[in-house]
Number of protein chains: 2
Amino acid sequence: MYQQVVTGKVSGISQPPASAVPAVARSGQLDALVALEQIGTRHSFSRDEEIYAEGDASECWYQVVSGAVRICKWMADGRRHIAEFCFAGDCFGLPASGTRSATAEAVGDVVVMRYPQRAADRLIDETPRLAREMYDRTLRELTQTQTHTLVLSRMTAAERLASFLLELSERRDTPRAVDLPMSRYDIADYLGLTMETVCRTFSAFKRDGIIALPTPQRVELPGRDALETMCEA
Amino acid sequence: MYQQVVTGKVSGISQPPASAVPAVARSGQLDALVALEQIGTRHSFSRDEEIYAEGDASECWYQVVSGAVRICKWMADGRRHIAEFCFAGDCFGLPASGTRSATAEAVGDVVVMRYPQRAADRLIDETPRLAREMYDRTLRELTQTQTHTLVLSRMTAAERLASFLLELSERRDTPRAVDLPMSRYDIADYLGLTMETVCRTFSAFKRDGIIALPTPQRVELPGRDALETMCEA
DNA sequence: CGCCAGTTTGACCAAGATCAACGCAAGTGG
DNA sequence: CCACTTGCGTTGATCTTGGTCAAACTGGCG
């Protein structure tokens, strides 16, 4: 059912651009990370292109340089769920087993670094600080995913959308407004709702003056406090 | 709101019993794990006792020896979500940050090993194979949690319960029947349903001959195939 | 025997899904 | 340059699943 599809305009081996460095430098482990970056290759994907598919062999993992990636799963009858959106600096496709447990797709145009599994593993095994960094990242992501299960299992549509807007606002460090690179459909599949409910809830927030929508992809947050109150866990 | 509560009949430092060893021996890293076990202490908790609370400082992590533990989160108005059930061999409370992001409670009577953070960290840092083992465990758990987000966001009540029964049956390696140490309420809060819906769905499965319920806590699975068909992802 | 906690069942209700139409802006081609 | 298409996004009407409220059942235990 899932076949490997060769995708992306591969631009060959190269150093990552300056914009990729901050996420990495933050950890203060430059020596190890320079080594890591030397084994990585830079790749571009365009809107809706598949980066890897559920069921593929996991031979490498990725870090987003620019753009956004969605990690999704399908059910046999076509129902889709988006487990996660990844933005600049986020890693994805770390292999829990030999096979991909989900599909990764470009939300818009995207640039990623790709690290071959074997070489990265070797580097990780001989660099305790890198091992620790990867471990900590994964633990943080686990915590985040567990928080998302609370959203999905117990929050109303309004609370889910509020928590989504705040999550994006915090992750991208833009407290007054949020840009939505993904479609209403993507948001719905991330929040366990339908596109229509997402729209209606956006409209309700707008009516109540909690948000403004200059364009469908730009959300201003005059009523940030209201959103925060709404989804106090 | 969440205060540290001293809980559990602490039985003092001791070696783990034989029943704790298999989970650990499986990884084939006996040297490192023996060292790990030497820094652990054994503790017992009784039904519904709190092991740690959301907001506590994370100073240690745990591994279940026997019994079951639930990891849960509350919303301000009392809505509860169970992120995870842990059984013999499972680790919990690995610290993604300095503070607990969820509460851990004993489902029934439970025995756990507790590992102080500092000592375990030191051991992990100087034992690459142990570091790798912890990292791999965490990645597997992340994958499992992401699968759970699919269940919560896109599956019907029947599909959720089917996936739950199969998950337990596989984790505990009992293909023909499942024991439920937790209440209907716990199951509901894990599956994002109400207790009543869980009951009704059990009853529907029973009516259809998919399961038998000799007692409310024991489920026999004559119709395992039907359950599998039901939640084909 | 009666109580209690957990479970089951029933009647009714509501949040969100479904189905359908409409709006709107960005192409596209004549 | 303007009709036409196309792909999202928005809104409305209706329906369904699962939630809510309430009562009855069951097994263990003082």
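Residue numbers begin at 1 in each chain, while the letters A, B, ... track the order of the sequences.
If you check every strand for non-hydrogen atoms under 4.0 Å, B/Thr156 touches sugar and phosphate atoms only.
B/Trp61 and B/Tyr115 have tilted rings, their planes meeting at an angle from 30° to 60° on a 0 to 90° scale. Ring orientation note: the planes of A/Phe92 and A/Tyr62 are close to parallel, at an angle under 30° on the 30°/60° scale.
For B/Glu159, the salt bridge (charged side-chain N to carboxylate O under 4.0 Å, His left out) partners at least two apart in sequence or on another chain are A/Arg79.
In this structure, B/Arg79 atom CZ and D/dG19 atom P are separated by 13 Å, rounded to whole Å. Here D/dT20 presents its P atom at 11 Å from CG of B/Asp77, a figure rounded to the nearest Å. Between the CG atom of B/Leu191 and the C1' atom of D/dG19 there is a distance of 15 Å, rounded to whole Å. Remark: C1' of C/dG6 and CD1 of B/Ile187 are 12 Å apart, rounded to the nearest angstrom.
Taking NE2 from B/His43 and CZ from B/Arg114, the interatomic distance works out to 4.0 Å, rounded to the nearest 0.5 Å.
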Could you run down the sub-3.5 Å N/O contacts of the protein with nucleotides 6-16 of chain D?
unit_1	atom_1	unit_2	atom_2	d
D/dC8	OP1	A/Arg47	NH2	2.5
D/dG9	OP2	A/Arg184	N	3.0
D/dT10	OP2	A/Arg184	NE	2.8
D/dT10	OP2	A/Arg184	NH2	3.3
D/dT11	OP2	A/Ser203	OG	2.2
D/dG12	N7	A/Arg200	NH1	2.8
D/dG12	O6	A/Arg200	NH2	3.3

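With no hydrogens or angles considered, a side-chain donor-acceptor pair links B/Arg224 and B/Ser169 at under 3.5 Å.
Atom CZ of B/Arg218 has more than 12 neighbouring heavy atoms from other residues, nucleotides or ligands inside a 6.0 Å radius.
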